[in-house]
Amino acid sequence: MAYTTIDNPELHFQCKTYTGNNSTNAITLDGSENMQPDFVWTKNRGSSGSNYLHDAVRGATYVIASNATDAQTQFSNGLTSFNSDGFTLGDWGGVNSNGNTFVSWNWKGGTTSGITTNGSTTITPSAYSFNATAGIAILQYTGNSTAGAKL
């Protein structure tokens, strides 16, 4: 397996704990490098509630609960934007309940053009963000109802 040398991991990933306030809450990442995340995973540290996943490909206001079988949901008052140094939250308690401590894991995707397929794919991504150095890709696609379809 080939590994990539990353001289400064803060350009690709940062973790952040924050306290919810049930209001607009701009979360600034603490790293020495500004990083606009493309994938944010949040979890209330004091609750057995859901893990919430947001990505820049689908849009900040769309969320998936990784521990549920529900489809994506849109909350206009959840994660509202990805910023150059973090993200902004609305008043939705799932990610910003007053007085609760949350953790967020934040990855940088970044490139939205130049993806190539290997010629054996049967599904083409309609949107994507990837970071080859860090080894992360966020892909959006429409299935084709074919067993064994390849992306």
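The figures here come from the full heavy-atom set of this structure, side chains too, leaving out hydrogens, waters and symmetry mates. Since we're looking at a predicted model, the values are computed, not measured.
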Is there a side-chain contact between Thr80 and Phe75 in this structure, where contact means two heavy atoms from C-beta onward sitting under 4.5 Å apart? no
Looking at every heavy atom in both Thr17 and Arg45, which two are closest together, and how far apart are they? CG2-NH1, 3.1 Å
Would you please say whether a donor-acceptor pair under 3.5 Å links the side chains of Asp85 and Gln36? no
Take atom CH2 in Trp41; do more than 12 heavy atoms of anything else shown fall under 6.0 Å from it? no
Decide whether Trp107 and Asp38 meet the rule of one side-chain donor and one side-chain acceptor closer than 3.5 Å. no
Hey, are the side chains of Ser129 and Asp55 touching, using non-hydrogen atoms and a 4.5 Å cut-off? no
Go through the side-chain N and O atoms of Asn83 and Thr88 and say whether any donor and acceptor fall under 3.5 Å apart. yes
Classify the side-chain pair Asn96/Asp91 by whether it contains a donor and acceptor separated by less than 3.5 Å. no
When you compare the side chains of Thr61 and Gln74, does any donor N or O come within less than 3.5 Å of an acceptor on the partner? yes
Just by distance, with hydrogens left out, do Gln140 and Arg58 show a side-chain donor and acceptor under 3.5 Å apart? no
Is there a side-chain contact between Val103 and Cys15 (heavy atoms, below 4.5 Å)? yes
Can you name the nearest heavy-atom pair linking Gln14 to Asp30, along with the distance? OE1-N, 3.9 Å
Would you kindly say whether Ser97 and Asn100 are connected by a side-chain donor-acceptor distance under 3.5 Å? yes
Phe87 ring center within less than 6.0 Å of Phe82 ring center: no
Nearest heavy atoms of Ile6 and Ala134, plus distance in Å: CD1-CA, 4.0 Å
Note: Val95 and His54 closest approach over all heavy atoms is CG1-CE1, 4.1 Å
To check you understand the geometry: which heavy-atom pair defines the closest contact between Met35 and Asn106, and what is its length? CE-O, 3.4 Å
